Colleague: 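Shown below is the structure under consideration.
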Amino acid sequence: MQLVVARIGRAHGIKGEVTVEVRTDEPELRLAPGAVLATDPSSVGPLTIATGRVHSGRLLLRFEGVADRTAAEALRNTLLIAEVDPEELPEDPEEFYDHQLIDLDVVTRDGTAVGRITEVSHLPYQDLLIVARPEGGEVMIPFVTEIVPEIDLEEQRAVIDPPPGLLDEGQAEIASSREDS
């Protein structure tokens with residue numbers, strides 16, 4: 001099974017390094033020197049990681065055969081794809097691969113059906129579960145423990161505890177209001 005583990009950003013410096021947007025919880029495993037990664041577009045790869053380091057909070061990688069800024073810039077927006085055994089599980093039991101979450105049924109704590117997960121959207125500050133509703137449309141659910149307290153892979157379901165207004169805007173509560181002076 002193939003998983004997207006990073007997206008190449010802009011070139012850094014003049015020796016072929018690139019910034020990467022990490023899309024895996026295990027970068028030390030997936031993006032280590034010596035790792036050979038498929039690419040999207042496939043015509044760019046495969047790429048072998050020569051070196052990696054963190055600079056100012058960003059991961060920088062250099063690939064074998066990419067020796068200058070021009071070659072590094074040509075890789076911009078390329079997706080890096082790792083081959084992963086579908087039976088492999090993350091080390092942390094509270095972590096999940098996207099393919100484990102896609103197609104899970106989503107229910108509330110009381111068992112009310114909400115829909116089915118169709119996508120996991122990775123944003124800079126948190127992930128979102130994109131859930132297709134049975135009546136049409138979709139809802140975006142922040143993938144945080146307070147809202148998604150349980151993922152049951154054996155039962156193929158995600159249990160959510162949505163705050164008022166997440167599933168039905170009519171139930172939204174106003175947290176505070178300003179009075180006109």
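Here the structure is a predicted model, which is why all the values come from computation and not from measurement. The residues of the chain are indexed from 1 along the displayed sequence.
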Colleague: Honestly curious: do Leu79 and Val44 fall in one hydrophobic cluster under the side-chain, below-4.5 Å linking rule?
Modeller: no
Colleague: Closest approach of Leu128 and Gln126, non-hydrogen atoms and distance?
Modeller: CD2-NE2, 3.8 Å
Colleague: For the residue pair Pro134 and Gly115, what are the closest heavy atoms and their distance?
Modeller: CD-CA, 3.9 Å
Colleague: Determine whether Thr48 and Phe63 make a side-chain contact, defined as any pair of heavy atoms from C-beta on separated by less than 4.5 Å.
Modeller: no
Colleague: Treating Ile, Leu, Val, Met, Phe, Trp and Tyr as nodes and any side-chain heavy-atom pair under 4.5 angstrom as an edge, say whether Val159 and Phe143 lie in one connected cluster.
Modeller: no
Colleague: If I take atom CG from residue Leu60 and atom OG1 from residue Thr51, how far apart are they, to the nearest 0.5 angstrom?
Modeller: 8.5 Å
Colleague: Rounded to the nearest 0.5 Å, what's the gap from CD on Glu21 to CG on Asn77? Could you check?
Modeller: 9.0 Å
Colleague: Looking only at atom types and distance, does a side-chain atom of Thr145 sit under 3.5 Å from a main-chain N or O of Pro149, one as donor and one as acceptor?
Modeller: no
Colleague: Which pair of non-hydrogen atoms, one from Pro33 and one from Gly52, has the smallest distance, and what is that distance?
Modeller: CG-N, 4.3 Å
Colleague: Applying a strict under-4.5 Å side-chain criterion to I, L, V, M, F, W and Y, I'd like to know whether Ile81 and Val20 cluster together.
Modeller: no
Colleague: Which value, rounded to the nearest 0.5 Å, describes the distance between Ile8 atom CD1 and Leu37 atom CG?
Modeller: 9.0 Å
Colleague: Suppose we screen for side-chain contact (heavy atoms from CB on, under 4.5 Å). Which residues come up paired with Thr118, at least two apart in sequence or across chains?
Modeller: Ile130, Ala132
Colleague: Check whether Ser42 reaches the backbone of Thr39 with its side chain - one donor and one acceptor, N or O, closer than 3.5 Å.
Modeller: no
Colleague: Test of understanding: clusters of I, L, V, M, F, W, Y form through side-chain heavy atoms closer than 4.5 Å, transitively. Do Val36 and Leu61 belong to the same one?
Modeller: no
Colleague: Is Glu135 paired with Arg133 through a side-chain N to carboxylate O contact shorter than 4.0 Å?
Modeller: yes
Colleague: Nearest 0.5 Å please: distance from the CD1 atom of Ile117 over to the CD1 atom of Ile102.
Modeller: 7.0 Å
Colleague: Hey, could you give me the CG/CG distance between Leu80 and Leu31, rounded to the nearest 0.5 Å?
Modeller: 7.0 Å
Colleague: Quick one: are Thr78 and Val18 in side-chain contact, heavy atoms under 4.5 Å?
Modeller: no
Colleague: Is any side-chain heavy atom of Leu166 less than 4.5 Å from a side-chain heavy atom of Ile147?
Modeller: yes
Colleague: Could you pull out all residues at least two apart from Glu138 that satisfy salt bridge (Lys or Arg N to Asp or Glu O under 4.0 Å)?
Modeller: none
Colleague: Going by salt bridge (Lys or Arg N to Asp or Glu O under 4.0 Å), name the pairs with one or both residues in residues 42-65, residues two or more places apart or in two chains.
Modeller: Glu17-Arg53
Colleague: For Val107 and Ala113, which heavy atoms make the closest approach, and how far apart are they?
Modeller: CG1-CA, 4.1 Å
Colleague: Which pair of non-hydrogen atoms, one from Val148 and one from Pro142, has the smallest distance, and what is that distance?
Modeller: CG2-O, 3.6 Å
Colleague: Looking at residues at least two apart in the chain, or sitting in another chain, which of them share a salt bridge (Lys or Arg N to Asp or Glu O under 4.0 Å) with Asp105?
Modeller: Arg116
Colleague: Could you measure the distance from the CD1 atom of Ile160 to the CD atom of Glu146? Nearest 0.5 Å is fine.
Modeller: 13.5 Å
Colleague: With a 4.5 Å cut-off on side-chain heavy-atom distances among I, L, V, M, F, W and Y, is there a chain of contacts connecting Leu59 to Val66?
Modeller: yes
Colleague: Going by salt bridge (Lys or Arg N to Asp or Glu O under 4.0 Å), name the pairs with one or both residues in residues 35-46, residues two or more places apart or in two chains.
Modeller: none
Colleague: Could you go through the side-chain contact (heavy atoms from CB on, under 4.5 Å) check for Val139 and Leu167 one step at a time?
Modeller: CA-CA 7 Å; Val139 62; Leu167 301 178; 4.1 Å; yes
Colleague: Could you pull out the closest heavy-atom pair between Gln156 and Leu153, with the gap in Å?
Modeller: NE2-O, 2.8 Å
Colleague: Where do Leu129 and Leu101 land on the side-chain contact (heavy atoms from CB on, under 4.5 Å) test, with the steps shown first?
Modeller: CA-CA 9 Å; Leu129 300 177; Leu101 300 171; 4.2 Å; yes
Colleague: Any heavy-atom pair between the side chains of Val106 and Ile141 that's under 4.5 Å?
Modeller: yes
Colleague: Quick one: salt bridge (Lys or Arg N to Asp or Glu O under 4.0 Å) pairs with a partner in residues 69-80, sequence neighbours left out?
Modeller: Glu73-Arg76
